[in-house]
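Some notes on the structure that comes next.
Whatever order the structure lists ligands and atoms in, that order sets their numbers, starting from 1.
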Amino acid sequence: MNIMKNKIPPSENRTLVFAKFLESKGFRQTPERRAILSEIYTFPSYFSLNALGERLAKKKYTVSRGTLYNTMTLLLECGLVKRYLVGGRVRYEKTENTDFRNTEIKQTMKKVDVILGLQWGDEGKGKIVDVLAPNYDIVARFQGGPNAGHTLEFDGKKYVLHTIPSGIFHDHITNIIGNGVLIDAQIFMKEIAMIRANGYDPSKNLKLSQKAHLILPSHRVMDAALEHIKGSAKIGSTLKGIGPTYTDKTARHGLRLGDSLEADFKIRYEALKASHIRQFESLGFDWKKHKIEDLSFAEYEKKWFEGLKEMKKFDIISSEYFINQALDKGKNVLAEGAQGTLLDVDFGSYPFVTSSNTTTAGVCTGLGVAPNRIGRVYGVFKAYCTRVGSGPFPTELDDEVGEELRRIGREFGATTGRPRRCGWLDLPALNYAIMINGVTDLVVTKIDVMNDFSEIKLAETYTINAKKTAEYSGGNLDEIQPNYSSFAGWNQSLADVDTYEKLPKNAQHYLNFVEKNTRTKISIISTGPNRLETFFN
Ligand code: GDP
Ligand code: IMO
Ligand code: MG
């Protein structure tokens, strides 16, 4: 299952690309052209035609200005060089490995691959991270917190992870909870206990960012208080304290894991808690009566501090340095997203969203990796749609078909147990998510859920105010009318299907349609919850 299969050295690769290009144009591959191609790769940065000519001359190649110019035009056409016009001067640059000016880094530099959700969460991200993890040295969560529930199934067991990255069951992989993540000490330790009880030792392969923010017990109460006063307009939050903790982070009075190592932590903790209590009181919220996971505030707080004490025994690091230095050394890094694109605080169905950037941009801020260090982006989507909590859902099915999707797909929240709302696949929303994230590879999950459906639908466009559109706006979509295309089902189990060719023709037809209409390759297909029920396309 190794997907990093491109083993051709870059120099041979580009020679091949150029040779094929010349052949397709009916041009000859001359020694001069070959020499020009290899010479441009000796320039660390921009170069002029004159400089190129001089270097070739030093190596005893007499290449006329005309040949130089023509060859560069051909190389431009086949994408092996870029041309810049700066202040009226033309400069060329090779296209390969130009992201970094530091030549030392260039030799070995790796990029961070990303796995994230393209819908409203629960697309099966955890399972896909677990499947791809053996290709990586590091798996890092970049945003969200214990509002996430990522389910993994292997060796006859099912595991649900909330804060800990889904690479944790692979000993050789370093798992990192990045600076963009929120940690609740109590939930974190419960998760650690679950992992230990199953025979794994996370203290060996889990590291935590010192910059990750802490969810205090009073943040959880605040989440409940704010939802309470919203009444029917509530977001349907998971009540894990996500909104209030990110609010304190951006308001610049949050507490970070690193702060818990300082002598004045308790004083700062009490000050923040006191300010939360003042807010509960002004909202008229009876926080003393409020239970957190069936515990009183004082009981929860006690467990939280016990959890924090244990948590401090883990490796607390500067994860941005750890990750960037690992990349420089040629290590492979996978970033694991939580929630989904349509829950992104900027691009989702605001205000019915979570409070972080769930999109590729969140990898940069949540791990400290630069945009030009983002590699492949695996966008995970279900073959239909689900949503937990409130907010617009254009293709929602309030009928027995929706019931069937929920029943067969076991669509109940992995974190809260709430029934998930179900509906058909939404192409405008999917294309929007692909655009926002720069998805390079699609991953489809749960096609098996529709095995016995005689008809499958998919929204190709919307009609809004009598106008047809293929654009998802994310806003209030009450007026929206999805325009569906219909597909015949395949009425067959996918239990023995482990290649694209073995998929029933009607399933192929459905997936081909998605590929064609998103112009993005479906690289991975998941046909069941188990690690093994996955294949590359
Ligand atoms: P995540 O939050 O994106 O990691 O997804 P969840 O774990 O919350 O929800 C996905 C659910 O679907 C879990 O129960 C998975 O075990 C399950 N699942 C994942 N992929 C497949 C699949 O291809 N087929 C079926 N039937 N279930 C799947
Ligand atoms: P994973 O990572 C599905 C939803 C909540 C609510 C909204 C805001 O498992 O895909 P929050 O607690 O974040 O303030 O809730 O977002 N939500 C999720 N829905 N999967 C998730 O995570 C979710 N995390 C939050 O239901 O509507
Ligand atoms: Mg989930």
(request) Return yes if a side-chain donor-acceptor contact under 3.5 Å exists between N357 and D346, otherwise no. (result) yes
(request) Starting from atom 8 (C) of ligand 2, locate the nearest protein heavy atom and write down its residue, its atom name and how far away it is, to 0.1 Å. (result) V353 O, 3.4 Å
(message) I need the atoms of ligand 2 closer than 4.0 Å to a non-hydrogen atom of T354, numbered in the order shown.
(response) 11 (P), 13 (O)
(message) Can you confirm whether the side chains of Y300 and Q186 place a donor and an acceptor under 3.5 Å from each other?
(response) yes
(request) Kindly identify the option in A383, G126, G121 whose heavy atom sits closest to atom 4 (O) of ligand 1. (result) G126
(message) I'd like to check which ligand 2 atoms, numbered from 1 as shown, lie under 4.0 Å from a non-hydrogen atom of W120.
(response) 3 (C), 19 (N)
(message) As a check for students: among E153, K127, K446, identify the option with a heavy atom nearest to atom 17 (C) of ligand 1.
(response) K446
(request) Could you tell me whether some N/O pair between G149 and ligand 1 is separated by less than 3.5 angstrom? (result) yes
(message) At less than 4.0 angstrom from any non-hydrogen atom of R418, what atoms of ligand 2 do you find?
(response) 5 (C), 26 (O)
(request) For the residue pair Q339 and T354, confirm or rule out a side-chain donor-acceptor distance under 3.5 Å. (result) no
(message) Counting only heavy atoms not in K302 (residues, nucleotides, ligands), do more than 12 fall under 6.0 Å from its NZ?
(response) no
(message) Would E123 count as a polar contact of ligand 2, with the cut-off being nitrogen or oxygen pairs under 3.5 Å?
(response) no
(message) So if I count the atoms of ligand 2 from 1 in the order they appear, which ones are less than 4.0 Å from some heavy atom of G149?
(response) 1 (P), 9 (O)
(request) State the atoms of ligand 2, each with its element, that fall below the 4.0 Å cut-off from a heavy-atom position in G236. (result) 5 (C), 6 (C), 26 (O), 27 (O)
(message) Under 4.0 Å from a heavy atom of A338: which atoms of ligand 2 are those, numbered in the order shown and with their elements?
(response) 2 (O)
(message) Under a 4.0 angstrom heavy-atom cut-off, which atoms of ligand 2 come close to G389?
(response) 27 (O)
(message) Is the contact between K125 and ligand 2 made by the side chain, the backbone, both, or neither, using heavy atoms and a 4.0 Å cut-off?
(response) side chain
(message) Which residue in the set E533, E411, E123 passes salt bridge (Lys or Arg N to Asp or Glu O under 4.0 Å) when paired with K446?
(response) E411
(message) Tell me the protein heavy atom at minimum distance from atom 17 (N) of ligand 2, and give that distance in Å.
(response) L343 CD1, 3.8 Å
(request) Name the closest protein heavy atom to atom 25 (C) of ligand 2, giving the residue it belongs to and the distance to 0.1 Å. (result) Q339 CG, 3.7 Å
(request) Check ligand 2 against A148 and write out every atom of the ligand that is under 4.0 Å from a heavy-atom position of the residue. (result) 1 (P), 2 (O), 9 (O), 22 (O)
(message) Using a plain distance cutoff, I'd like to know if K240 has any nitrogen or oxygen under 3.5 Å from a nitrogen or oxygen of ligand 2.
(response) no
